Amino acid sequence: MNNAFAPRSGRTRLIILVSVLVAASLPAMWLFGRSPALPDVDAGKTVAEEFLGAIRMGKPDVAWESTTAEFKSGQGKESFTREVKGLAWLKESIDFVSTQTVNMNEQPRSEYVYRSPKGPKARLILGRENGAWKVDRLILEK
């Protein structure tokens, strides 16, 4: 008699069933459980405008605290404060111009562009840190 087709115990069937379910659920968890690579346009715009609003209200330290660790390591708090305090156009109302996807370190990122009525532009690139969208880079075009 061939034992390959012998009836299996209920416990063996349960182990096989659980193994198959776990193996099948891993790709689904990976696809649906990861954070989005880019923020929703409106959510990103809110982050950018809160950052710019803190600068406009004379609170560059609050703006700096809302940035990523990479931003902070690239530009110290005192340097950032000195830079933005010296730009009068950042203290005025600036208008949202556009958003686009850019590559930073070979990863897609959202860039939000704002322009002063006087001409200079601010480009804010957002990154995700600890589950929240934050300003990862600020490019000021004078």
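Computed from a prediction, not measured in an experiment: that's the story for all the values here.
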Check [X] against [Y] and note the closest heavy-atom contact, atom names and distance.
{"X": "Pro39", "Y": "Ser110", "result": "CD-OG, 3.4 Å"}
{"X": "Arg115", "Y": "Val97", "result": "CB-CG2, 3.6 Å"}
{"X": "Ala48", "Y": "Tyr112", "result": "CB-CB, 4.2 Å"}
{"X": "Asp95", "Y": "Pro117", "result": "OD2-CG, 4.5 Å"}
{"X": "Thr81", "Y": "Pro60", "result": "CG2-CG, 3.6 Å"}

Measuring from [X]:[atom1] to [Y]:[atom2], what's the distance to the nearest 0.5 Å?
{"X": "Glu111", "Y": "Asn103", "atom1": "CD", "atom2": "CG", "answer": "11.5 Å"}
{"X": "Glu78", "Y": "Asp61", "atom1": "CD", "atom2": "CG", "answer": "10.5 Å"}
{"X": "Ser116", "Y": "Lys121", "atom1": "OG", "atom2": "NZ", "answer": "12.0 Å"}
{"X": "Leu124", "Y": "Phe71", "atom1": "CG", "atom2": "CZ", "answer": "8.5 Å"}

For the residue pair Lys45 and Phe96, would you count it as a cation-pi contact if the rule is NZ or CZ under 6.0 angstrom from the ring centre and within 45 degrees of the ring axis?
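Judged by the rule (NZ or CZ under 6.0 Å from the ring centre, within 45° of its axis), Lys45 counts as positioned above Phe96.
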Looking at Glu65 and Lys77, does any basic side-chain N land under 4.0 Å from a carboxylate oxygen?
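Salt bridge between Glu65 and Lys77, a charged N being under 4.0 Å from a carboxylate O: yes.
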In plain terms, say whether Glu92 and Arg56 are close enough for a salt bridge, that is, a side-chain N and a carboxylate O under 4.0 Å apart.
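Answer for the salt bridge query: no.
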Donor-acceptor under 3.5 Å (Asp40 side chain, Asp42 main chain):
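Side chain of Asp40 to backbone of Asp42, a donor-acceptor pair under 3.5 Å: yes, one is there.
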Polar side-chain atom of Ser79 near backbone of Gly76 as donor-acceptor pair, under 3.5 Å
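No; zero donor-acceptor contacts below 3.5 Å.
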Answer yes if Trp89 and Leu52 sit in the same cluster of Ile, Leu, Val, Met, Phe, Trp and Tyr residues linked by side chain heavy atoms under 4.5 Å apart, and no otherwise.
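Yes, because Trp89 and Leu52 connect within a single hydrophobic cluster, where side-chain heavy atoms sit under 4.5 Å apart.
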Verify the cluster assignment for Phe80 and Ile125: are they in a single hydrophobic cluster under the rule of side-chain heavy atoms below 4.5 Å apart?
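No, separate clusters.
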Beyond-backbone contact of [X] with [Y], side-chain heavy atoms, under 4.5 angstrom:
{"X": "Arg109", "Y": "Asp136", "value": "yes"}
{"X": "Glu70", "Y": "Glu129", "value": "no"}
{"X": "Leu87", "Y": "Leu140", "value": "yes"}
{"X": "Val135", "Y": "Thr68", "value": "no"}
{"X": "Trp64", "Y": "Lys72", "value": "yes"}
{"X": "Phe51", "Y": "Leu138", "value": "yes"}

[X] atom [atom1], over 12 foreign heavy atoms within 6.0 Å:
{"X": "Met104", "atom1": "CE", "result": "yes"}
{"X": "Lys85", "atom1": "NZ", "result": "no"}
{"X": "Arg137", "atom1": "CZ", "result": "no"}

Take Glu83 and Gln75, measure what side chain to side chain contact (heavy atoms under 4.5 Å, CB included) needs, and give me the verdict at the end.
CA-CA 10 Å; Glu83 180 180 16; Gln75 185 170 27; 2.7 Å; yes
Do Glu49 and Tyr114 meet the criterion of a side-chain donor-acceptor pair at a distance under 3.5 Å?
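Indeed, the side chains of Glu49 and Tyr114 share at least one donor-acceptor pair under 3.5 Å.
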